[in-house]
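Reading through the structure tokens given below for one structure.
Below, chain A is the first sequence line, B the second, and so on; all start at residue 1. These numbers come from a predicted model, not from an experiment.
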Amino acid sequence: MSTYRSDFLAILAERGFIHQVSEPDALDARAKSETITAYIGFDCTAPSLHVGSLLPIMMLYWLQQTGHRPIVLMGGGTTRVGDPSGKDESRRMLSDEAIDRNLKGIRAIFSRFLKFEGEGGNAVMANNADWLNRLNYIDFLRDIGRHFSVNRMLSFDAVKLRLERQQELSFLEFNYMVLQAYDFVELHRRYGCILQMGGSDQWGNIVNGIDLGRRMLNAQLFALTSPLITTSSGAKMGKTAAGAVWLNADLVSPYDYWQYWRNTEDGDVVRFLKLFTVLPLSEIARLSALKGAEINEAKKMLATEATALVHGRAAAEAAAETARRTFEEGTLAETLPTVEIARADLERGLGVLVAFAEKAGLVASNSEARRQIRSGGLRVNDRTVADEKMILTAHDLTAAGVIKLSLGRKRHVLLKPV
RNA sequence: GGGAGAGUGUCCCGAGCGGCAAAGGGGGCGGACUGUAAAUCCGCUGGCUUACGCCUUCGUAGGUUCGAGUCCUACCUCUCCCA
């Protein structure tokens, strides 16, 4: 790949964010000579963003850090339609209320990464519902629809895949790319936005927007996509047994978030340090020289830095300290996730099954707890539970006044009587 | 409108002569080994139950049977062929 002269593209390139760029030289020149405005769209399909969305967020972060203007586009309108890209099946239709609720949850995350207008920054938060919701169908067809060739739309991967696999693609979803293209044009009109970024699966959609911009406004627009990030062993990022790794603290605690990064595979550490932390590359180069068990130092760095970005420095260091005491010293850290239980329950005697399943929520059901006991996976105060009929009482309280329940080596919950 | 086929364990894929809690994968979880890694090996992977066992599951609703994922009828959804 050519070397970029603008700070923005140079940084994205050396940190591994770039998969494809349209007209890289022209974009580089503009990013070098002027302040450019770029956007990324975010779906409102869930109440929070998860780790998978972190990559685009980081691209906006670097955009602003290198002197440009980021636009976060909330898909309040497009989420009502549903993007067929990369999906085998139609998505379930979300109610407008659900979308609205999700939108609010997602919004909060961005203030960690970007400085918005009114907060001493220049970032813009937009919502495509503002223009999509009031479109008039016939007008839209005449103004926008005439620029689209169905022949060409059928050739895009997102559509082709569905057709080839003989899976249904509704007319509703078929229109998604038209709406997304229109978003780009609308953002160009409103904010002078010239660049849309996104994951590699968005390339087709973005290019549609570029075409539309040229036809309607004779504008030169650009596309930049990031690679699909998978772990070295091929798994998609952001999924664990417990579900997605959400960015909101009420869905995934800072401690669990820290743990997620701490458990990164060896082969991914350097790549992730570049993508998901803002550590200087020189520092990352130093960490990448570590070998064998020393790589754990790099993983801790990754975990703490990545957590600090999302949850703040203090929460990140608290999580690191909790982990250090739990894993390295083997002592009890009172800052482990804690569940309060009624003191009366304890005096009456609390069955282990209930304690693990209902109270701590470490396992999904009593049956699951039984199975785990049979395979030696449950521990109370670091002693393996051998008997599923075991009863917890006040005698099991440690000096710190809690009972430590563990599932496997890594997952711990403290029961605290109140 | 006519004809043919498909829908299986609510993570996915996928077998299933009328006796099935239902083969086999993948994924996930636990154990061993390690470095809170990877790879490898072993176990588990519907719910309730101390247990005998009970309950809920194969697109939906009925029916035939001692007994139905398996047979019949209707309906729903998706494919394909003809019009």
Side-chain angles (χ1 to χ4, degrees), chain A residues 46 50 86-93 161-171 173 230-245 255-273 287-288 290-304 306-307 319-331 333 336-337 349 351-354 356-358 360-380 382-391 405-413:
Chain A
H50 54 80
K87 306 203 172 50
D88 286 348
E89 292 172 9
S90 300
R91 193 183 279 159
R92 254 179 308 163
M93 289 268 246
L161 213 77
R162 284 278 193 93
L163 295 179
E164 276 170 5
R165 298 170 74 173
Q166 301 181 339
Q167 278 155 343
E168 131 116 353
L169 175 71
S170 69
F171 183 65
E173 293 172 286
T230 54
T231 64
S232 294
S233 38
K236 269 194 195 159
M237 280 205 59
K239 296 278 193 276
T240 67
V245 180
Y255 173 76
D256 287 332
Y257 191 78
W258 193 94
Q259 282 296 324
Y260 172 76
W261 292 105
R262 175 61 243 263
N263 286 303
T264 297
E265 296 173 25
D266 283 10
D268 295 325
V269 175
V270 172
R271 195 160 50 109
F272 287 0
L273 279 166
L287 292 170
S288 74
L290 298 173
K291 296 229 163 47
E294 291 178 335
I295 291 174
N296 285 326
E297 290 311 310
K299 289 186 187 179
K300 284 181 223 166
M301 196 68 123
L302 169 64
T304 301
T307 306
E321 176 60 13
T322 300
R324 193 184 66 77
R325 292 176 60 178
T326 305
F327 289 96
E328 292 176 28
E329 289 183 3
T331 58
L336 279 171
V352 263
L353 300 181
V354 173
F356 274 92
E358 281 173 43
L362 280 168
V363 293
S365 64
N366 289 4
S367 299
E368 172 70 17
R370 281 199 185 85
R371 267 184 238 120
Q372 290 295 359
I373 289 171
R374 247 172 264 144
S375 51
L378 298 188
R379 280 168 298 139
V380 172
D382 299 317
R383 288 196 321 275
T384 303
V385 178
D387 181 4
E388 60 186 62
K389 282 176 278 188
M390 177 179 179
I391 302 291
L405 303 183
S406 310
L407 166 64
R409 278 281 140 74
K410 296 182 189 174
R411 306 179 53 199
H412 312 279
V413 165

Within this structure, what is the [atom1]-to-[atom2] distance between [X] and [N], rounded to whole angstrom?
| X | N | atom1 | atom2 | value |
| --- | --- | --- | --- | --- |
| A:Phe327 | B:U36 | CZ | C1' | 5 Å |
| A:Glu368 | B:G43 | CD | P | 18 Å |
| A:Arg262 | B:U36 | CZ | C1' | 5 Å |
| A:Leu336 | B:U36 | CG | P | 16 Å |
| A:Gln259 | B:G35 | CD | C1' | 14 Å |
| A:Arg325 | B:U36 | CZ | P | 18 Å |

Item to check | Presence of salt bridge, A:Glu294 and A:Lys291, under 4.0 angstrom | outcome: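 Not counted as a salt bridge, because no side-chain N and carboxylate O are separated by less than 4.0 Å.
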Next on the checklist: Quick one, A:Val380 and A:Leu405 - any side-chain contact, counting heavy atoms below 4.5 Å?
Outcome noted: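 Yes, close enough: below the 4.5 Å cut-off.
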Item to check | Any side-chain heavy-atom pair of A:Asn263 and A:Lys410 under 4.5 Å | outcome: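 Of all side-chain heavy-atom pairs linking A:Lys410 with A:Asn263, at least one is under 4.5 Å.
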Mind listing the N/O atom pairs, protein and nucleotides 49-58 of chain B, below 3.5 Å?
from	atom 1	to	atom 2	distance (Å)
B:U49	OP2	A:Asn366	ND2	3.0

With both distances under 3.5 angstrom, what nucleotide forms a Watson-Crick or G-U wobble pair with [N]?
| N | answer |
| --- | --- |
| B:C20 | none |
| B:A39 | none |
| B:A4 | B:U79 |
| B:G62 | B:C72 |
| B:G46 | B:C55 |

So how far is it from [X] [atom1] to [Y] [atom2], rounded to the nearest 0.5 Å?
| X | Y | atom1 | atom2 | result |
| --- | --- | --- | --- | --- |
| A:Glu297 | A:Leu287 | CD | CG | 9.0 Å |
| A:Thr307 | A:Arg262 | OG1 | CZ | 12.0 Å |
| A:Ser365 | A:Arg371 | OG | CZ | 6.0 Å |

[N] and [M]: how far apart are their [atom1] atoms, nearest whole angstrom?
| N | M | atom1 | answer |
| --- | --- | --- | --- |
| B:G62 | B:U56 | P | 14 Å |
| B:A21 | B:U36 | C1' | 36 Å |
| B:G67 | B:A22 | C1' | 16 Å |
| B:G25 | B:U79 | C1' | 25 Å |
| B:G24 | B:A15 | P | 14 Å |
| B:U50 | B:U10 | P | 24 Å |
| B:A6 | B:C71 | P | 10 Å |
| B:U70 | B:G7 | C1' | 15 Å |

Next on the checklist: Does A:Thr326 reach a base, just sugar-phosphate, or nothing at all? Heavy atoms under 4.0 Å.
Outcome noted: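 The residue A:Thr326 makes no contact with any strand.
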Item to check | Side-chain donor or acceptor of A:Lys299 paired with backbone N/O of A:Thr264 under 3.5 Å | outcome: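 The answer is yes, because a donor-acceptor pair under 3.5 Å joins these two groups.
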Checklist entry - To the side chain of A:Glu265, which of B:G47, B:U36, B:A38 is closest? => result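 Nearest listed nucleotide: B:A38.
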Over all atoms of both residues, closest heavy-atom pair of [X] and [Y]:
| X | Y | value |
| --- | --- | --- |
| A:Ser406 | A:Asp382 | OG-OD1, 4.4 Å |
| A:Ala369 | A:Leu378 | O-CD1, 3.7 Å |
| A:Tyr255 | A:Leu336 | OH-CD2, 3.6 Å |
| A:Asp387 | A:Ile373 | N-CG2, 4.5 Å |
| A:Thr326 | A:Thr322 | OG1-O, 2.7 Å |
| A:Phe356 | A:Arg379 | CZ-O, 3.3 Å |

Item to check | Under 4.0 angstrom between A:Thr264 side-chain N/O and B:A37 OP1 or OP2 | outcome: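 No.
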Checklist entry - Is B:C20 in the syn or the anti form, by the rule that syn lies within 90° of 0? => result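 Here the answer is syn: the torsion falls within 90° of 0.
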Item to check | Proximity to RNA chain B (any heavy atom under 4.0 Å), residues of residues 294-302 of chain A only | outcome: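 Those residues whose heavy atoms fall under 4.0 Å from RNA chain B, taken from residues 294-302 of chain A in numerical order, are A:Ile295, A:Asn296, A:Lys299.
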Between the protein and nucleotides 30-33 of chain B, which nitrogen or oxygen pairs come in under 3.5 angstrom?
from	atom 1	to	atom 2	distance (Å)
B:G30	O4'	A:Gln372	OE1	3.1
B:G30	O2'	A:Ser375	O	3.2

